Amino acid sequence: MFTGIIETLGTIQEIKKDKDNVHITIASSITDELQIDQSVAHNGICMTVVAIDKNRYTVTAIDETIKKTTISHWLTGDIVNLERAMKLGDRLDGHIVQGHVDQIGNCIVAKETNGSWYYTFEYDESLQNITIEKGSITVNGVSLTVVDSKKNEFSVAIIPYTFEHTNFKNFKVGTKVNLEFDVIGKYVSRLYANK
């Protein structure tokens with residue numbers, strides 16, 4: 001479990017195909033604090049640390065993860081948002097995030113608005129995910145509040161701190177992102193879909 005509060009950024013050093021899997025090596029300031037078998041969210045994708053070498057560590061994505069996330073778009077040199085699993089007893093500053101990406105979203109608006117930033121993302125509504133006005137959403141692992149919720153799109157407003165300390169600063173129209181919808185919203189949408 002995660003909170004959606006990004007701890008630091010990592011830089012992809014190497015991407016290696018291995019049959020249906022992909023091994024991703026990342027350099028990060030938290031590498032020396034990691035352990036093998038530890039869960040780390042990478043742009044909201046929970047993956048297990050399988051190797052550590054100095055300031056670099058490696059995680060492995062299986063075919064199912066690759067199909068449902070933006071991993072197939074990642075390139076060496078890309079910056080990813082990183083968050084280690086939350087500890088019991090810590091404050092839950094964001095919201096409950098599982099690290100299980102629901103689907104990919106597409107940035108259709110990216111603009112500065114007098115000191116903050118405003119982004120709109122569209123997504124495939126056929127998967128029956130929904131956003132709720134003022135509800136929570138996770139975009140590339142970042143816990144955010146939904147504004148302007150619509151049937152297949154939503155917007156978020158980003159404060160300068162979040163802009164500077166996440167990979168939102170690299171987003172532009174056309175950027176693909178990982179979306180994890182609020183677990184309560186997912187439950188409600190499935191409940192009404194089955195009536």
Side-chain angles (χ1 to χ4, degrees), residues 2-6 9 12 15 22 24 41-47 61 63-75 77-83 94-195:
F2 303 90
T3 66
I5 304 299
I6 301 306
L9 297 170
I12 297 175
I15 299 171
V22 173
I24 304 154
H42 303 76
N43 279 357
I45 309 163
C46 178
M47 292 187 278
D63 189 50
E64 177 72 7
T65 304
I66 297 162
K67 286 177 182 169
K68 288 194 172 179
T69 68
T70 60
I71 287 175
S72 63
H73 300 276
W74 291 4
L75 301 170
D78 281 356
I79 304 298
V80 291
N81 297 324
L82 301 177
E83 180 190 359
H95 72 283
I96 295 172
V97 176
Q98 295 179 299
H100 303 157
V101 172
D102 293 304
Q103 64 186 101
I104 294 173
N106 182 47
C107 182
I108 58 172
V109 173
K111 63 182 180 181
E112 186 177 358
T113 56
N114 200 25
S116 61
W117 286 263
Y118 187 86
Y119 298 90
T120 301
F121 301 95
E122 65 179 359
Y123 59 93
D124 179 1
E125 64 184 283
S126 71
L127 297 176
Q128 298 181 342
N129 291 307
I130 62 166
T131 57
I132 300 166
E133 193 76 19
K134 302 296 183 275
S136 297
I137 186 74
T138 308
V139 177
N140 267 10
V142 182
S143 173
L144 298 164
T145 301
V146 172
V147 295
D148 199 20
S149 176
K150 295 181 180 168
K151 194 169 184 180
N152 69 328
E153 67 181 59
F154 66 92
S155 300
V156 293
I158 304 295
I159 62 172
Y161 182 90
T162 304
F163 183 84
E164 287 301 322
H165 291 86
T166 69
N167 60 12
F168 264 83
K169 60 181 164 275
N170 299 326
F171 289 9
K172 56 186 185 266
V173 171
T175 297
K176 304 286 185 215
V177 296
N178 295 312
L179 300 177
E180 181 180 330
F181 293 80
D182 183 47
V183 70
I184 296 167
K186 284 192 272 191
Y187 173 75
V188 170
S189 69
R190 304 279 169 6
L191 187 69
Y192 281 104
N194 293 327
K195 285 192 172 185

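Predicted model only: the values in this text are computed from it and were never measured.
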Nearest non-hydrogen partners of [X] and [Y], listed with the distance:
| X | Y | value |
| --- | --- | --- |
| Lys169 | Leu9 | NZ-CD1, 3.7 Å |
| Gly115 | Pro160 | O-CG, 3.1 Å |
| Lys150 | Tyr123 | O-OH, 3.9 Å |
| Ile158 | Ser116 | O-CB, 3.2 Å |
| Thr138 | Val97 | OG1-CG2, 3.5 Å |
| Lys68 | Ile104 | O-CG1, 3.9 Å |

Within this structure, what is the [atom1]-[atom2] distance for the pair [X] and [Y], rounded to the nearest 0.5 Å?
| X | Y | atom1 | atom2 | value |
| --- | --- | --- | --- | --- |
| His100 | Phe2 | NE2 | CZ | 8.0 Å |
| Ile159 | His165 | CD1 | NE2 | 10.0 Å |
| Ser72 | Lys67 | OG | NZ | 11.5 Å |
| Ile96 | Glu180 | CD1 | CD | 10.5 Å |

Quiz item: Passes side chain to side chain contact (heavy atoms under 4.5 Å, CB included), Val109 versus Glu153? Steps please.
Solution: CA-CA 11 Å; Val109 173; Glu153 67 181 59; over 6 Å; no

Quiz item: Yes or no on side chain to side chain contact (heavy atoms under 4.5 Å, CB included) for Val22 and Ile15, after CA distance, side-chain angles and deciding distance?
Solution: CA-CA 7 Å; Val22 173; Ile15 299 171; 3.5 Å; yes

Close side-chain approach of [X] and [Y], heavy atoms under 4.5 Å:
| X | Y | result |
| --- | --- | --- |
| Leu82 | His42 | yes |
| Val139 | Phe171 | yes |
| Leu127 | Phe181 | no |
| Leu75 | Ile12 | no |

Quiz item: side chain to side chain contact (heavy atoms under 4.5 Å, CB included) between Leu144 and Phe154: does it pass, once the steps are laid out?
Solution: CA-CA 11 Å; Leu144 298 164; Phe154 66 92; over 6 Å; no

Exercise. Scan Asn178, Asn167, Asp78 and name whichever one has a side-chain hydrogen bond (donor to acceptor under 3.5 Å, both in side chains) with Asn43.
Key: Asn167

Quiz item: Between Asn129 and Gln103, is any side-chain donor less than 3.5 angstrom from a side-chain acceptor?
Solution: yes

Quiz item: What orientation do Trp117 and Phe163 show, parallel under 30°, tilted 30 to 60°, or perpendicular over 60°?
Solution: parallel

Practice problem: Assign the ring pair Phe168 / Tyr119 to parallel, tilted or perpendicular, where the plane angle (0 to 90°) is split at 30° and 60°. | Solution: perpendicular

Exercise. Let me know which of Asn106, Val173, Val156, Ile108 forms a side-chain contact (heavy atoms from CB on, under 4.5 Å) with Thr120.
Key: Ile108

Quiz prompt | Verdict with supporting geometry, Ile71 and Ile45, side chain to side chain contact (heavy atoms under 4.5 Å, CB included) | solution = CA-CA 9 Å; Ile71 287 175; Ile45 309 163; 3.7 Å; yes

[X] side chain to [Y] backbone, donor-acceptor under 3.5 Å:
| X | Y | value |
| --- | --- | --- |
| Asn81 | Asn140 | yes |
| Ser149 | Thr131 | yes |
| Glu133 | Asp148 | yes |
| Glu83 | Gly4 | yes |

